[in-house]
Protein chains: 2
Amino acid sequence: MSHSSARLATQVVEEGCPIVEVLDHVAGKWSIGIIVAAAQGPIRFTELERAIEGISRRMLTLTLRRLERDGLLVRTVYPTVPPKVEYTLTDMARELHESFAALVSWAERHRGAIATSRAAYDQEHGGAQAS
Amino acid sequence: MSHSSARLATQVVEEGCPIVEVLDHVAGKWSIGIIVAAAQGPIRFTELERAIEGISRRMLTLTLRRLERDGLLVRTVYPTVPPKVEYTLTDMARELHESFAALVSWAERHRGAIATSRAAYDQEHGGAQAS
DNA sequence: CCGGATCCGATCCGATACTG
DNA sequence: CAGTATCGGATCGGATCCGG
């Protein structure tokens, strides 16, 4: 039937509705970078700040808080002077990291094709379009 | 050395910088839903609109245009009355869909734990926090 | 070193109305 | 059916200043 694909899509996406909410958190602008950067082991605030390069202190803090709240990151404070804070991925987050690695791999493999496609699209739809 | 993890993180994320730009497009609020919904075959505009349920016509159009521009979707117009437009995933997008499926699977498996973690976090950090 | 608080411009996105 | 156009609120995100 011609409906079958639409019905199936409906099911998939409706089931996914709370999922989308989860993914929106996780797919925030900086979340992927943080999780990738933290994947090799505990990492400090300043290390993250320099590692991601482009992130502001504000967004780093906010994103860390959200990831901590979602149970993806554990925050450990060492009461030393100067203070030292380490962020560690939870098991849940390490699983997620594997999917992210696949995503990053995909982006690397196809970003050339994507750029080409964009250029072609922009040229045939009035050359002045934004990113 | 204690630097090694930070150095590695820096490398990974800096290489990923143009990648983040790509992923930002792809990880837009509705992109995943559209790609998942279109994964089983060509799908029409209205079918998408009903399948995703929560998306506005405006956002559907904008997201479709962006995905088309990025070369993830092919738009086919049948000059009939009433008009009929079908959207089809490209091979590149079908690859991406596999990663998305893994992501969705992750979100399904862990959304309970995430909700629990959030509740705990909110309780011990002044109960009134937003989503 | 690791943040929190505030201001403010940029952007996203939904609601609504109109079209071929 | 498949869009486009415009408005206005909400949210994002950078800059800056302050504190433990």
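The structure presented is a predicted model; accordingly, all values stated were derived computationally and were not measured. Letters A, B, ... are given to chains in the order of the sequence lines, protein chains preceding strands, and every chain is numbered from 1.
- Summary of the strand contacts: B/Met59 and B/Pro83 both lie near DNA chain C, and taking for each the nucleotide with the nearest heavy atom, the more 5' one is attributed to B/Met59.
- Phosphate contact (OP1/OP2 of C/dG4, side-chain N/O of A/Arg58, threshold under 4.0 Å): absent.
- In this structure, A/Leu60 places its CG atom 11 Å from P of D/dG14, rounding to the nearest Å.
- Closest approach to the A/Arg44 side chain among D/dG3, C/dG3, C/dC1 is made by C/dC1 (side chain taken as heavy atoms from C-beta onward).
- Between A/Lys29 atom NZ and C/dC12 atom C1' there is a gap of 13 Å when expressed in whole angstrom units.
- The environment of A/Glu49 atom CD is dense: over 12 non-hydrogen atoms of other residues, nucleotides or ligands sit within 6.0 angstrom.
- Counting to the nearest Å, the C1' atom of D/dC12 and the NE2 atom of A/His25 are 13 Å from each other.
- An OP1 or OP2 oxygen of C/dG3 is reached within less than 4.0 angstrom by a side-chain nitrogen or oxygen of A/Arg65.
- For B/Thr46, a side-chain nitrogen or oxygen approaches OP1 or OP2 of D/dA2 to under 4.0 Å.
- B/Tyr78 comes within contact range of no nucleotide atom at all, as no heavy-atom separation falls under 4.0 Å.
- Ring-plane geometry between B/Tyr121 and B/His125 is classed as parallel, the angle between the planes falling under 30 degrees on a 0 to 90 degree scale with a further cut at 60.
- Contact annotation: B/Arg75 side-chain N/O to D/dG3 OP1/OP2 distance is under 4.0 Å.
- What separates CD1 of A/Ile55 from P of C/dC2 is a distance of 14 Å, to the nearest Å.
- At D/dC1, none of the side-chain N or O atoms of B/Tyr87 fall inside 4.0 Å of OP1 or OP2 (strictly under the cut-off).
- Between B/Ile43 atom CD1 and D/dC1 atom C1' there is a gap of 15 Å when expressed in whole angstrom units.
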